[in-house]
Visitor: 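Quick one: the structure is below, questions incoming.
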There are 2 protein chains.
Amino acid sequence: MGTTEQPQRVTMTRAARRILEAAERLFYERGIHAVGVDLIAAEAGVTKKTLYDRFGSKERIVVEYLTGRDERWRAFLARYLDDHLDAAHATPEARVLAVFDASRAWSAEYGAKGCSMVNAHAEISDPAHPAFPVITGQKQWMLALFTRLAGDFAGDVAGTDADRLGRTLMLLHEGALVAHGLRVFPDPIAHARDQAEALLRTWHST
Amino acid sequence: MGTTEQPQRVTMTRAARRILEAAERLFYERGIHAVGVDLIAAEAGVTKKTLYDRFGSKERIVVEYLTGRDERWRAFLARYLDDHLDAAHATPEARVLAVFDASRAWSAEYGAKGCSMVNAHAEISDPAHPAFPVITGQKQWMLALFTRLAGDFAGDVAGTDADRLGRTLMLLHEGALVAHGLRVFPDPIAHARDQAEALLRTWHST
DNA sequence: TCGAAAGTATACCGATCTGTATAGTGGAGA
DNA sequence: TCTCCACTATACAGATCGGTATACTTTCGA
């Protein structure tokens with residue numbers, strides 16, 4: 001083994017990008033198992049040889065799909081907060097509500113079928129699947145985010161109150177994504193935002 | 001066409017029941033597209049001929065799986081409320097919280113991977129699929145249930161307040177099911193219950 | 001200029017997919 | 001007793017699955 005092996009990294013050529021774009025759209029809209037590699041290659045205008053030269057396996061494309069979407073969401077959120085909050089003077093309340101606003105904007109454009117992580121988890125049963133940590137990692141990251149923001153708001157000593165509030169915000173947000181994807185009622189993320197606002201208003205009296 | 005056609009109804013023989021039981025378990029644990037009819041037949045200890053004689057198609061088994069699970073959940077809930085509430089004297093608060101308690105008990109036993117409707121929706125893209133109304137119907141039923149209970153609690157004139165509260169309870173509950181399936185944090189349904197309790201306590205001051 | 005990398009085109013592999021065909025068995029009711 | 005009917009057993013059809021092989025072309029930087 002003279003050369004350094006790097007079986008992990010994908011060389012992101014132009015064709016690879018088109019493949020990933022097609023896969024992201026198809027996986028999200030139709031589900032992972034319902035989409036074959038032949039269809040992905042065809043939609044990307046690429047031969048299967050190229051697809052396997054770049055990614056090596058379908059499983060790999062799935063992992064890349066989920067990590068890519070997660071990264072784009074986090075970048076979208078960071079930019080949204082930058083654009084809509086005065087970093088120095090924004091209140092803790094405003095920060096929390098801005099997350100819901102960002103999620104609403106994201107979902108309106110890219111989230112017609114709800115959360116891609118939840119949907120992927122429905123299709124992946126094996127916890128040893130390489131996509132599993134991506135899915136759970138995204139949820140843990142969101143929970144940590146809400147908990148941190150809740151800590152800024154609640155300002156208690158032990159942090160248990162921040163945990164409680166963070167988890168409640170997480171549930172409201174997660175429920176809103178599901179309700180959005182399933183069209184349970186109109187604009188559920190806006191409703192979640194309003195209820196988060198009311199929750200923060202009355203929080204210290206619980 | 002002398003005989004009355006009834007292509008809808010499935011004759012529920014003993015073999016059909018075993019097929020459905022196997023399908024329910026496999027579909028829920030591994031996903032719908034990941035499970036083939038050969039596997040279902042094998043797990044049920046039945047030949048494929050019998051499977052197709054009873055159900056006619058895999059799609060039909062999927063519909064029967066979802067409707068069956070929905071019916072069982074509603075029966076479970078009704079029985080739970082009967083057993084844990086004094087029908088005549090239970091307060092509106094207690095009724096709402098009992099729904100969360102029932103959901104927690106159900107999920108502990110049958111809901112390790114979250115909501116089967118949400119998971120099925122992740123795999124079914126076509127709104128014309130016969131399973132679609134089953135999925136959306138279950139969510140609408142739950143929303144109507146929460147809204148009705150919220151109406152008993154809020155007791156306003158126009159019902160808009162009941163709608164608001166019902167939707168919030170729906171989001172909390174839906175989020176808890178997702179968090180439970182993804183193991184985002186321990187016992188999210190109990191947390192949702194506690195937060196619903198706090199929400200009802202402070203509701204009239206919003 | 002020349003060689004490596006990235007790409008196309010096409011054909012193929014074995015496995016698995018949903019669904020069907022044929023032939024036969026066992027039991028229960030009229 | 002005879003006739004449905006639910007069932008087993010096995011084989012097969014045609015399509016699609018993920019993945020590979022062979023041969024050729026394009027692009028581009030050292």
Visitor: Can you say whether the rings of B/Tyr110 and B/Trp106 are parallel (under 30°), tilted (30 to 60°) or perpendicular (over 60°)?
Guide: tilted

Visitor: Expected output is a numbered-order residue list: members of residues 34-50 of chain B with a heavy atom under 4.0 Å from any atom of DNA chain D. What is it?
Guide: B/Gly45, B/Val46, B/Thr47, B/Lys49, B/Thr50

Visitor: Between the main-chain N or O of A/Ile189 and the side-chain N or O of A/Arg104, is there a donor-acceptor pair closer than 3.5 Å?
Guide: no

Visitor: For the pair B/Arg18 (side chain) and B/Gly45 (backbone), establish whether a donor and an acceptor sit closer than 3.5 Å, ignoring hydrogens and angles.
Guide: yes

Visitor: Return the value, rounded to whole Å, for the distance between atom CG of A/Leu51 and atom P of D/dG19.
Guide: 9 Å

Visitor: Please tell me whether B/Phe146 and B/Phe100 form a close aromatic pair, meaning their ring centres lie under 6.0 Å apart.
Guide: yes

Visitor: Rounded to the nearest Å, what distance is computed from the NE2 atom of residue A/His33 to the C1' atom of nucleotide C/dT18?
Guide: 17 Å

Visitor: Roughly, in whole Å, what's the span from CG in B/Asp53 to P in C/dA21?
Guide: 11 Å

Visitor: Within this structure, what is the CD1-to-C1' distance between B/Ile61 and C/dG19, rounded to whole angstrom?
Guide: 12 Å

Visitor: Going by number, which of residues 13-32 of chain A have a non-hydrogen atom under 4.0 Å from DNA chain C?
Guide: A/Thr13, A/Arg14, A/Ala15

Visitor: Nearest whole Å is fine: how far is C/dT8 P from A/Arg54 CZ?
Guide: 10 Å

Visitor: Assess, by modelled atom type and distance only, whether the side chains of B/Gln195 and A/Thr168 contain a donor and an acceptor separated by less than 3.5 Å.
Guide: yes

Visitor: Do the side-chain N and O atoms of B/Ser116 and B/Arg69 include a donor-acceptor pair separated by under 3.5 angstrom?
Guide: yes

Visitor: Taking only Lys NZ, Arg NE, NH1 and NH2, and the carboxylate oxygens of Asp or Glu, determine whether A/Asp152 and A/Arg148 approach each other closer than 4.0 Å.
Guide: no

Visitor: I need the CZ-C1' distance between B/Phe55 and C/dT20, as an integer number of Å.
Guide: 18 Å

Visitor: When you compare the side chains of A/Trp203 and A/Asp161, does any donor N or O come within less than 3.5 Å of an acceptor on the partner?
Guide: yes

